[in-house]
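Quick note: numbers below take in every heavy atom, side chains included, and nothing from hydrogens, waters or symmetry partners. Each chain gets a letter, A, B and so on, in the order its sequence line appears, and its residues count up from 1.
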Protein chains: 2
Amino acid sequence: MGQRVGVTLGDVAGLAGVSRATVSRAFTRPEMLNTETVERVRGVAERLGYVGNQAARALATGRFGNIAVIVPDIANPFFPPLVRTLQSVAEEAELAVFLGDSDESLEREAKLVTRLGSQVEGFVLASSRQSEELIRNLAHTRPVVLVNRDLDGIPRVLIDSSGGMTEAVMLLKNLNHRHLVSLAGPRDSWSDQQRRTTLAEASATTGLTVDIIEVGRPTYTAGRDAVTAITASGATAAIAFDDVVSQGVLAGLALRNISVPQDFSLIGCDDTLALLTTPALTSISAASAPAGRAAAHLLIKTLQSPTTPTAPRITIPTHLITRATTTQAP
Amino acid sequence: MGQRVGVTLGDVAGLAGVSRATVSRAFTRPEMLNTETVERVRGVAERLGYVGNQAARALATGRFGNIAVIVPDIANPFFPPLVRTLQSVAEEAELAVFLGDSDESLEREAKLVTRLGSQVEGFVLASSRQSEELIRNLAHTRPVVLVNRDLDGIPRVLIDSSGGMTEAVMLLKNLNHRHLVSLAGPRDSWSDQQRRTTLAEASATTGLTVDIIEVGRPTYTAGRDAVTAITASGATAAIAFDDVVSQGVLAGLALRNISVPQDFSLIGCDDTLALLTTPALTSISAASAPAGRAAAHLLIKTLQSPTTPTAPRITIPTHLITRATTTQAP
DNA sequence: TTGAAAGCGCTAACAG
DNA sequence: CTGTTAGCGCTTTCAA
């Protein structure tokens, strides 16, 4: 059976000469108690170094005081700022946060969710690759907030790249590009699908040709390796799934002595590498830190009023940030 | 009182026609049971979607199945790979991981540790800023593994930058630099202290002059703003606390039309920005992913054999990676 | 090989 | 305002 872990409620009760219930109340409902009692109990607790046992509390109340955030790849620069603000907001609400990295794998994401499900109040799923069905099942069990995924009736915060994406296409058109390539990312990512759709619309409107090259997992290497296909396509400009991929493309282009932007124009997404590249990358903004904050607030709100009439939904618009990787078509 | 959360052991027991103890054993000690019983119970459990309640299990066993990793700033590119591998190893060991971001603050780190202390088996403190006393107290309570912090008797993994740092100074000396500046980071960071010490020794050996400029929190802005002091110093080369700072310095130098490496040589640390900068940054390697893996293994090992004779200690050596930001002194 | 029963540390009615 | 009591869901002796 369970072994003593440390100082318990009972220990404090004994030394303070009160019942365990009183000790409990001294922490959770001090207003119910005589001020003096509260102080005495807290004093004893402090002296003993008493720290409440979360597991026991969770078992008794059904509340865990924990939330989980699941991301496909914490090493992708889009996510750390999101996780950072999320955790900061959670902390203010006295919530501890589990981090799950699904490694872009649907199965691992599912495993994480089940594993964590029994000890969290709710989930934030960022760029979830899960099937709609699984997410709905989960949301049926506990509050779920989605980031960059849109499912009717589930709270979510979306970074809507359509604005920036449309601006990107417009810019390239105005610069006389006629033929672009889109470096598409993970197929089961909502963001990727949204970008595909917007791109299709924009190309229809503008009459530009857009080839699609799938890079799959968005990495530096994937971008660099895509350059063969890019040059083969004959396009004069590319829009990449994210800045990490762009970074790779930039490197691959340099290897072939293709200069950016003179010979080729390039636009990234998420604006995570900001001024880190040379030339500085034209990119589509994506406020991941605010998205994390918003998601945290949404989740906390849902936790407080379980029966929300309609799911709160936040959409963060994007825009194109023109820097130095785009210019007139050669 | 606690409300039903989902399917419980009892539910499964009822439907399978066995006692709750048997259900429990079917999962935790199947070898004690009739194979047939195990299968039947597991079948029923699966059908019902039974997931064990961690809190209850923790209460009964004293084991939580969780660990925590605390970092000063998850948005600093050094940490995500560390956290990623850490979580991956933990997952294989059936451990869930809490993430705490202390925002470089000693107080927040302490708060996180207390908050999480009651629901984790152990801690990984990465680049902890805490006082030695607090860490020792904590380590007295539960297993602690340190990353980039060295305290007698506590397991730790160190990325030993002295090798790379010495090589860096040697390189600069051989390139005829006589006067360097060191951009020092957070004072309470072990890594920073180690770098200061090594630098002092190396400069004594080589006869180079080394000025120290404190940048405090290692950010892009801090690096950029340090350039005033750098130019004022009259040094011809700098070694920065990390690559993020270097990145800022590079930008600040560019603003003043000082070209790197012709007019000024620059060396970073941690090699996190790899080829992202232009010119590509000469840097000191720091394998943060392997460090995360090692830390996870160490913690798991400690968890399994609580009374280790001597604390396991891993040291990862570093070396200088010469790229394009270093050349002959002007 | 299985069941009965006690208990992990805490909270929440219900009395008083 | 405070104590008594009955669990929360699970594991683990002890018996059978």
Quick one: which of [options] gets closest to the side chain of [X]?
| X | options | result |
| --- | --- | --- |
| Ala60(B) | dC10(D), dA12(C), dC8(D) | dC10(D) |
| Ala56(A) | dC10(D), dG9(C), dT11(D) | dG9(C) |
| Asn34(A) | dC10(C), dT11(C), dT2(D) | dT2(D) |
| Thr8(B) | dG9(D), dC10(C), dG3(C) | dG9(D) |

Residue from Ile67(A), Val89(A), Leu95(A) passing side-chain contact (heavy atoms from CB on, under 4.5 Å) with Leu299(A):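 When Ile67(A), Val89(A), Leu95(A) are each tested with Leu299(A), the side-chain contact (heavy atoms from CB on, under 4.5 Å) holds only for Ile67(A).
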
Among Val144(A), Thr315(A), Asn148(A), Val147(A), the one residue meeting side-chain contact (heavy atoms from CB on, under 4.5 Å) with Arg156(A):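 Option passing the side-chain contact (heavy atoms from CB on, under 4.5 Å) with Arg156(A): Thr315(A).
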
For Thr28(B) and for Val38(A), find the nucleotide of DNA chain D with the closest heavy atom, then tell me which residue's nucleotide is more 5'.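 Its nucleotide being nearer the 5' end, the pick is Val38(A).
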
Rounding to a whole Å, what distance do you find between [X]:[atom1] and [N]:[atom2]?
| X | N | atom1 | atom2 | answer |
| --- | --- | --- | --- | --- |
| Leu9(A) | dA12(C) | CG | P | 12 Å |
| Arg40(B) | dT1(C) | CZ | C1' | 12 Å |
| Arg25(A) | dG3(D) | CZ | P | 8 Å |
| Arg20(B) | dA5(C) | CZ | P | 11 Å |
| Phe27(B) | dT12(D) | CZ | P | 15 Å |
| Arg63(B) | dC8(C) | CZ | C1' | 13 Å |
| Glu31(A) | dT2(D) | CD | C1' | 14 Å |
| Asp11(A) | dC10(C) | CG | P | 8 Å |

Closest nucleotide of DNA chain C for Ala55(A) versus for Leu33(B): which of these residues is on the 5' side?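 It is Leu33(B), whose closest nucleotide lies nearer the 5' terminus.
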
Ignoring backbone atoms, test whether [X] places a side-chain nitrogen or oxygen under 4.0 Å from the OP1 or OP2 oxygen of [N].
| X | N | answer |
| --- | --- | --- |
| Ser24(A) | dT11(C) | yes |
| Thr37(A) | dT2(D) | yes |
| Arg57(A) | dC8(D) | no |
| Ser19(B) | dA4(C) | no |
| Arg29(B) | dT12(D) | yes |

Gln54(A)-Asn66(A) side chain donor-acceptor pair, cut-off 3.5 Å: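 Not at all, the side chains of Gln54(A) and Asn66(A) share no donor-acceptor pair under 3.5 Å.
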
If you measure only the distance, is there a donor-acceptor pair under 3.5 Å linking the side chains of Ser105(B) and Ser102(B)?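 Checked: Ser105(B)/Ser102(B) side chains show no N/O donor-acceptor pair below 3.5 Å.
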
Under 4.0 Å, counting only non-hydrogen atoms across every strand here, what does Val23(A) touch: a base, just sugar-phosphate, or nothing?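 The residue Val23(A) makes no contact with any strand.
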
What residue among Arg108(A), Lys111(A), Arg129(A) forms salt bridge (charged side-chain N to carboxylate O under 4.0 Å, His left out) with Asp103(A)?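 With Asp103(A) as partner, Arg108(A), Lys111(A), Arg129(A) yield a single salt bridge (charged side-chain N to carboxylate O under 4.0 Å, His left out), made by Arg108(A).
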
